[in-house]
Structure formats: structure tokens, C-alpha cells
**Student:** 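Just passing along the structure, written as C-alpha cells.
The analysis underlying the following values was restricted to heavy atoms, covering all of them including side chains, and did not include hydrogens, waters or symmetry mates.
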Amino acid sequence: MSVIGAANGFSVAHELVYTLKVRDAMQKDLVTVTPGTTLREVQGLLREHRISGTPVLENDLLVGIVSLEDIINALDHGHIEESVGRWMTREVVTIQENMPLRRAVEFFQRYQYGRLPVVDAEGRLCGILTQADIVVRLMLELNRMAEEAARRETELLAQAGAATTSGPAVTMEFSVNAGDFDNAGIASARIKSALQERGVDLKVARRAAIATYEAETNIIIHSIGGSVKAQIDADRITIEAADWGPGIEDVERALRPGFSTASELVRAMGFGAGMGLPNIQKCADRFRIESTPGTGTRLHVEIDFDSTTSDGGE
Amino acid sequence: MQLREVALRLGAEELVRPATPDVEIRSAAAADLLSDILATGKDEFVILTGLVSPQVIRTAQVVGALAIFLVRGKHPTQEMIGLAQAHGIPLYTTPLALFESCVRLAPLVEER
């Protein structure tokens, strides 16, 4: 996953033309003709299959290519009833199926052809490739990547923080790994939806989610790893975020808005504004932080379901 | 102002389709820092940001933002699109800069 200078759509496509092969984009259902086929018959085939050209095979070997342009010329010059063999293009540029798509893009730019016959390692025709095929393949691949991310996210949300119920209380526990930005926000999303399912006021659920999210990212950014535990009781949610170190030297300073020790890398991702702990404090009805350098930090947050505390800056 | 009008005012391209384009938008949070967005405490609002990171989507989910607009014509990664789809958060990109985007949405402030 790209973290910084995030890849835009173009550079993803750019990367894809190197990783995808010609065989991934080519059409495999081929319409072919022989040198003996008449241009009139080819005209019919092109119309029937809505294609603009077709390879010419003789004894399974590629001997030429005939295109819509050849047909137009034949109609113009009155040789439409003649056979393909005489009028086809004989010097055919082919491309190997195991080449990266990047190579095909290069070929299309260099030769200005509408289509490239694709051959296997033995030189036998196995497909045909147009520029439209490349575009379609790239779009499908981009969609697939998004769908894959959506599926992974849904799975993460479903699996994270297996809940245990004891009486009216529900406990959820999430382990949070150092540097694991991919999973930042999973615990808060789960906790938020658990609260909403219980009919907890949306603003209260949001405050719990914000506090959890800031706590999660703190562990990811600053610690060597830890966990977030949430206990949902009838009247409140208690969030405990604990890590194994290195601990905070000066807790009072860390609570000051704007103070941050986050790296440039982390700041470039939009974190490290020095608002994490102040935000958590603002969302909490009760807030406690204990930290011992070398041992770790423990954060305790309680939010009452009937509380009127606002997370608002307005 | 309905979400579809917000998108129209920003000349935005829709990347993840909204389920309810007529949802009422009353405010916007414009920031490149996630903690600033987390601290806004707004309701019925959209996020305007120049930050391109999957965490923008998770942040939007946490604060209950109704849509995300990436400014300066920035394009999200496919991963971001997938995340936005998973959370049902409409995602747009506008060619406008953050400041111009805010100016075009000034009626949101006047409507209050």
C-alpha cells in the first residue's frame, strides 16, 4: 500500500501496464481467414463480428492481416471479389503473449496499427489485441483492486474485536500493532457500530469512536504495540488503551494541544497534529492517563450514554 | 444544501456514488490534518481535504461525515475507493483548491 505521495489513478495504471501481460488483455476468441477467402467474405465477417480486422492463417501459420481499410480500398478500386492473399498486409508485427502490456502500448504508439496479433512462445497465433482491450483490462483491474479493498475492509470489521458478553456488559478487545496504519480505525469502527446497534445516541457513539481512533493511532504511531479494550455497560462505555512502551516522558506536555513528537512521515499522512490526547480528553466524561517511561502508557476513558458533553469545536 | 448541489458547486467528479444524493448538508470541515477533522464536532457535514490516504475514509467513518471531497483534482488510490465503498461513504474529487472550494460552499454558512 502506498502511504506517502499517494499514488493517483494514473500511476496505478502506469504500474499495471508493467505487471499485466498481453495475454491478460487479449481477445482469445479469434475470427481468422485464409489467403483463399475473398475480400467480400471478409467484409461480411467484419460486419458480423463487429471487428475492424482479422489475421490470415495458412496451415495454422500467421501469414498476414487484413483490415477494414483493405476492404474500403477494395470497394474503391473494384477488387472486392478477389482473394485475401493478394491484398493482405504480409509483414505483420506480432507481440508475444508473455510480454508486459507496456510493450504493447509502445508498439501501438510506434506502428499506429489498430490491432496486434498475439503469438505464443512457438510463434503460433493465440490472440489479438487492440488498444481498447488494454483500456478495458486496466479499468477492470482498477475495479478489482477497489473491490478487493472493500472486501478486506468488510472482513476486518467482521472479524475484529470478538465480543464477549457477561450479563449486560459486552467487552471487545483489539490488538494494535506499531506502525500498522492499514488497520487504524478498525477498533473505532467496530465500537461505533456496536454502540449504534444498542441504540446509543449517535453523538455519544461518535465521541467514543473519536476517542478510540485517536487512541489507536497513538499506539500505532508512538508505541511498540498494545491493545484497545472497550467495555459497554448499560449506562456507559469504558475504553482502555494500553501499550508496552516506550512511555511518555512528560505527560502534561503531551496533553497540550499542538504538542507532538510525531515524525515528518507520520505528519505527511495527516497525523501528528498534537491534537490526539486533547481530542480524547474532550470526548471523555472521565479521563485518566498513566505513563511510565520504559514500561508503557495506559489510557482510561469513560463516556456516559446520557452525557451532554460535546465533542464540538463550534 | 443537498449533497448533489455541493458536488455541482465544486464541479466534482463522483468516484463512489452516494446512496442518497439528496441528503441535506449543513456544514463542511476543511482540513489536511485528520485530528482537526476529528475535532470539528459538526453534524450533517462533508469533508474537504487535500490529504490522500485511506485514513481519510476511516476518519470520515468515525466522525460520521456524509461525503468526502478531495481537492486540487487529487485522485484516491483504489484502496481508498474500496474502503469508501465498504463504509458507504460517497467520494468525490474536485479540480478546485481547498480555498476556492470553501468559497463556493459559503452559502452553507449563510444558510445557518
Side-chain angles (χ1 to χ4, degrees), chain A residues 1-12 141-157 181-182 184-186 188-189 192 202-203 205-207 209-210 212-214 216-217 257 260 267-276 278-279 282-283 310-314, chain B residues 13 15-17 26-45 47 49-66 68 70-89 91 93 95 108-109 112:
Chain A
M1 176 197 119
S2 85
V3 179
I4 251 181
N8 59 28
F10 175 73
S11 66
V12 176
E141 192 62 19
L142 288 172
N143 270 341
R144 196 195 56 74
M145 288 166 75
E147 276 164 19
E148 170 68 22
R151 195 189 52 73
R152 211 170 41 233
E153 182 78 352
T154 311
E155 240 176 58
L156 271 175
L157 287 173
F181 285 97
D182 283 358
I186 294 294
S188 46
K192 190 180 181 189
L202 186 62
K203 288 191 178 192
R206 182 167 74 181
R207 279 164 47 211
I210 292 174
T212 309
Y213 185 60
E214 293 281 17
E216 275 180 274
T217 51
S260 177
R267 284 167 202 257
M269 291 169 73
F271 296 109
M275 291 306 293
N279 262 358
K282 198 168 70 181
C283 289
S310 153
D311 61 359
E314 307 224 317
Chain B
E13 180 193 343
L15 301 168
V16 173
R17 188 173 300 254
R26 298 194 192 282
S27 189
D32 286 350
L33 289 172
L34 296 173
S35 277
D36 284 345
I37 296 170
L38 289 167
T40 56
K42 298 182 184 210
D43 290 306
E44 300 172 274
F45 73 108
I47 292 173
T49 186
L51 186 66
V52 178
S53 137
Q55 290 310 316
V56 174
I57 314 290
R58 297 247 172 85
T59 300
Q61 198 276 336
V62 164
V63 296
L66 296 175
I68 300 167
L70 301 177
V71 297
R72 289 191 170 279
K74 292 182 184 183
H75 257 266
T77 58
Q78 295 310 110
E79 186 189 5
M80 283 175 74
I81 292 178
L83 253 59
Q85 284 166 345
H87 290 291
I89 300 171
L91 179 62
T93 178
L108 284 178
V109 180
R112 280 183 215 165

**Student:** Decide yes or no for A:Lys192 and B:Val62: does some side-chain heavy atom of the first lie under 4.5 Å from some side-chain heavy atom of the second?
**Tutor:** no
**Student:** Which heavy-atom pair separates A:Ala150 from B:Ala86 by the least distance, and what is that distance?
**Tutor:** O-CB, 3.7 Å
**Student:** Quick check: closest heavy atoms across A:Gly276 and B:Ser35, and the distance to 0.1 Å?
**Tutor:** N-OG, 4.1 Å
**Student:** Out of B:Ile57, B:Asp32, B:Thr59, which one racks up the most heavy-atom pairs below 4.5 Å with chain A?
**Tutor:** B:Thr59
**Student:** Is the shortest heavy-atom distance from the side chain of B:Leu38 to the side chain of A:Glu214 under 4.5 Å?
**Tutor:** yes
**Student:** Would you give the length of the straight line joining atom CE of A:Met275 to atom CG of B:Leu34, rounded to the nearest 0.5 angstrom?
**Tutor:** 13.0 Å
**Student:** Against chain B, work out which of A:Ala209, A:Ala189, A:Ala184, A:Ala149 has the most heavy-atom pairs shorter than 4.5 Å and name it.
**Tutor:** A:Ala184
**Student:** Go through the atoms of B:Asp43 and report whether side chain, backbone, both or neither lie under 4.5 Å from a heavy atom of chain A.
**Tutor:** both
**Student:** A:Glu153 and side-chain contact (heavy atoms from CB on, under 4.5 Å): which single residue from B:Arg58, B:Gln61, B:Glu79 fits?
**Tutor:** B:Arg58
**Student:** State whether the number of non-hydrogen atoms from other residues, nucleotides or ligands found under 6.0 Å of B:Arg72 atom CZ is greater than 12.
**Tutor:** no
**Student:** Hey, could you give me the CD/CD distance between A:Glu147 and B:Gln85, rounded to the nearest 0.5 Å?
**Tutor:** 7.0 Å
**Student:** Take atom CZ of A:Arg151 as the centre, draw a 6.0 Å sphere, and report whether it contains more than 12 heavy atoms from other residues, nucleotides or ligands.
**Tutor:** yes
**Student:** With rounding to the nearest 0.5 Å, note down the distance linking CG in B:Leu83 to CG in A:Asp182.
**Tutor:** 9.0 Å
**Student:** Can you name the nearest heavy-atom pair linking A:Gly270 to B:Leu51, along with the distance?
**Tutor:** CA-CD2, 3.6 Å
**Student:** Please state whether the side chain, the backbone, both or neither of A:Arg152 comes within less than 4.5 Å of a heavy atom of chain B.
**Tutor:** side chain
**Student:** In terms of heavy-atom proximity below 4.5 Å to chain B, should A:Leu157 be classed as side chain, backbone, both, or neither?
**Tutor:** side chain
**Student:** Tell me the closest heavy-atom pair linking A:Phe181 and B:Gln55, and the distance in Å.
**Tutor:** O-NE2, 2.5 Å
